[in-house]
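Below: the structure, in structure tokens.
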Number of protein chains: 2
Amino acid sequence: MSRSALYLQIFDILVERISKGVWRPGRALPNEIELAREFSVSVGTIRKALDKLEADRVISRLQGKGSFVLDHNSEKLTFRFSKIVDENGSRVGEGPTTMLTQKIALAKPDERRCLALRDHDEIVRTRRLRHHVGRPCRYETSCLAMARLGITSLEEVGDYLIVPLAQKRGVHLARASEKLTVAAAPVDVAALLHTEPGKMLLKLDRLIFGLDGDPVEWRVALCDLRNEYYAAQMQ
Amino acid sequence: MSRSALYLQIFDILVERISKGVWRPGRALPNEIELAREFSVSVGTIRKALDKLEADRVISRLQGKGSFVLDHNSEKLTFRFSKIVDENGSRVGEGPTTMLTQKIALAKPDERRCLALRDHDEIVRTRRLRHHVGRPCRYETSCLAMARLGITSLEEVGDYLIVPLAQKRGVHLARASEKLTVAAAPVDVAALLHTEPGKMLLKLDRLIFGLDGDPVEWRVALCDLRNEYYAAQMQ
DNA sequence: GCGAATTTGTGCGTATGTATT
DNA sequence: TAATACATACGCACAAATTCG
């Protein structure tokens, strides 16, 4: 026997095809019967693979219509790892940004540790400021594992949003793990956020992982909350 | 036709039986073939119902052994809505408690709103202090929707943990939604937490829902974090 | 407006694989 | 080794939603 269940092997093949752009975001996959024929398996096996693709947010299925590759440029998916909302429940801090610095560098020890990188791996380190209704509300430092995204130059990155960027590079983001603490604003950050040093901030330390389980981005954000809050969901 | 799929009807029946204690926590359900016989459906239909029970953390299944009712008194499940951990990753703030006040009362407007109660519904309002390695670390105010848990007196509550309490009362908790903000310690809370007024605290405003979608408990906590953090997971 | 074609959703029954006891 | 129970896989039939002529 092979090392894993048939439906999981088919899942892997379908993920790979979608990553490579065989079926593009928003487009329909072949129907279940065609897929079953192609792989010489039963429709039930295809359905279990599609079940998992749906659970992992790679596709959506609509009875009577078909199975569609999800487009992670959509509002809902792009900001699925952004948990800060205002009183109306609308996302905060994903609006206009001010890029402060961005460069390619060798990963420092803590970056290597967080991103599970080797000694000479490179990262894209970005510092920026995010705004909400005209006010600077968040200071961010982020690190991208270049090799994981197949990135070789800064031009491929720019003022990115991680979810659409990952989709463009054929990487499916599966989950994120975030550590929250409270922190006093350092002098330099306070200046950038137009607030006083020592101001209470919410600190977000987030790691995003791909479907393969490897970390892709590490981001630390300092948030100056007004009437906003971090909305966590648990199951 | 009936209003929902067969496997969902069976899911409902199985949940109800487990809630009523027909199969107790830790015990095995009848095997799939027996269940199929009892309900006069195919094994595949039973399996879909069991899939959902497993996804909703009502049972766990072990190949070769059987399907078992989960015991929410276990460490892992009891604290699944407690997200604060220390550097070692172990839970914080679920240790010894100091009960401050506890009483049955008519729900106030904000409590009615949060818990989706009617005008004359009663709640159990509890204020307490939680400790970690001897230090007071968290001040909590919680509200229990009495009717939802079938509670009629304070003796049935006491210094409760919500997950085991809900299991005891035959309610399956499905999910929680929590709002996080930073807050300055009020004078009275600062005294209780042995810290200075104005100290930066993490404020947790949490609502827990049952499998039926109804809110069961509303809790607001003020946390004095040392080397601890709130660990959020996202998918 | 309606019916036919298409596609996913639900359900049945059976056979075989794999882990546990 | 044998019995038991869940996991995987196959194939078929029909229901329900969508689309289109």
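All values derive from a computational prediction rather than experimental measurement. So you know, we letter chains A, B, ... as the sequences are listed, proteins then strands, and number each from 1.
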What's touching nucleotides 2-5 of chain C from the protein side, N or O pairs under 3.5 Å?
none

Any protein N or O atoms within reach of nucleotides 19-21 of chain C? Criterion: under 3.5 Å, listing atom names and distances.
{"unit_1": "dT21(C)", "atom_1": "OP1", "unit_2": "Lys65(B)", "atom_2": "NZ", "d": "3.0"}

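With Ser142(A) contributing its side chain and Arg219(A) its backbone, the two residues share no donor-acceptor pair below 3.5 Å. Checking side-chain atoms of Arg80(B) against main-chain N and O of Gln235(A) turns up a donor-acceptor pair under 3.5 Å. For the pair Asn88(A) (side chain) and Ser90(A) (backbone), a donor-acceptor distance under 3.5 Å is absent.
Annotation: salt bridge (charged side-chain N to carboxylate O under 4.0 Å, His left out) contacts involving residues 226-235 of chain B, sequence neighbours excluded, comprise Arg135(B)-Glu228(B), Asp224(B)-Arg226(B).
A straight line from CG of Leu6(B) to P of dA13(D) spans 20 Å, rounded to a whole angstrom. The distance from atom CZ of Phe11(B) to atom P of dT10(C) is 14 Å, rounded to the nearest whole Å. Taking atom CD1 on Ile46(B) and atom P on dG11(C), their separation rounds to 11 Å, with Å as the unit. Between the CG atom of Leu8(B) and the P atom of dG9(C) there is a distance of 13 Å, given to the nearest Å. Per the geometry, CZ belonging to Arg47(A) stands 12 Å off C1' belonging to dA15(D), to the nearest Å. Atom CD1 of Ile59(B) is separated from atom P of dC6(D) by 9 Å (rounded to the nearest Å).
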Worksheet entry | Candidate pair Glu217(A) and Arg206(A), rule salt bridge (Lys or Arg N to Asp or Glu O under 4.0 Å), full reasoning | CA-CA 8 Å; Glu217(A) 187 205 43; Arg206(A) 186 185 72 184; 3.2 Å; yes
Fill in: Verdict with reasoning, Asp205(A) to Thr181(A), per side chain to side chain contact (heavy atoms under 4.5 Å, CB included)
CA-CA 8 Å; Asp205(A) 182 322; Thr181(A) 48; over 6 Å; no
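Residues Asp121(B) and Arg112(B) are not paired through a salt bridge, judged by the lack of any N-O separation under 4.0 Å between the basic side chain and the carboxylate.
Counting only heavy atoms from C-beta on, Arg61(A) has its side chain closest to dG9(C) among dG11(D), dG9(C), dG13(C).
Side-chain contact check for Leu204(B) versus Leu180(B): some heavy-atom pair is nearer than 4.5 Å.
Within 4.0 Å of Val41(B), counting heavy atoms only, lie sugar-phosphate atoms of the nucleic acid but no base atom. No contact: Gly44(A) has no heavy atom under 4.0 Å from any strand.
Within the cation-pi definition used here (under 6.0 Å to the ring centroid, within 45° of the axis), Arg148(B) does not qualify as a partner of Phe209(B).
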Show me the side-chain donor-acceptor pairs of residues 58-69 of chain B shorter than 3.5 Å, one per line, residues at least two apart or across chains.
{"unit_1": "Arg61(B)", "atom_1": "NH1", "unit_2": "Asp51(B)", "atom_2": "OD1", "d": "2.6"}
{"unit_1": "Arg61(B)", "atom_1": "NH1", "unit_2": "Glu54(B)", "atom_2": "OE1", "d": "3.4"}
{"unit_1": "Arg61(B)", "atom_1": "NH2", "unit_2": "Glu32(B)", "atom_2": "OE2", "d": "3.4"}

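In this structure, NE2 in His72(B) is found 6.0 Å from NE2 in His172(B), a value given to the nearest 0.5 Å.
Contacts between residues 25-36 of chain B and DNA chain D, defined by a heavy-atom separation under 4.0 Å, are made by Asn31(B), Glu32(B). Heavy-atom distances under 4.0 Å link DNA chain C to no residue of residues 48-56 of chain A.
Here Ser67(B) does not reach the OP1 or OP2 of dA5(D): none of its side-chain N or O atoms lies under 4.0 Å away. A close approach under 4.0 Å does occur between a side-chain nitrogen or oxygen of Thr45(B) and OP1 or OP2 of dC12(C).
Around atom CG of Leu8(A), more than 12 heavy atoms belonging to other residues, nucleotides or ligands sit under 6.0 Å away. Heavy atoms from other residues, nucleotides or ligands lying under 6.0 Å from CG of Leu154(A) number more than 12. Within 6.0 Å of CZ on Arg27(B) lie no more than 12 heavy atoms contributed by other residues, nucleotides or ligands.
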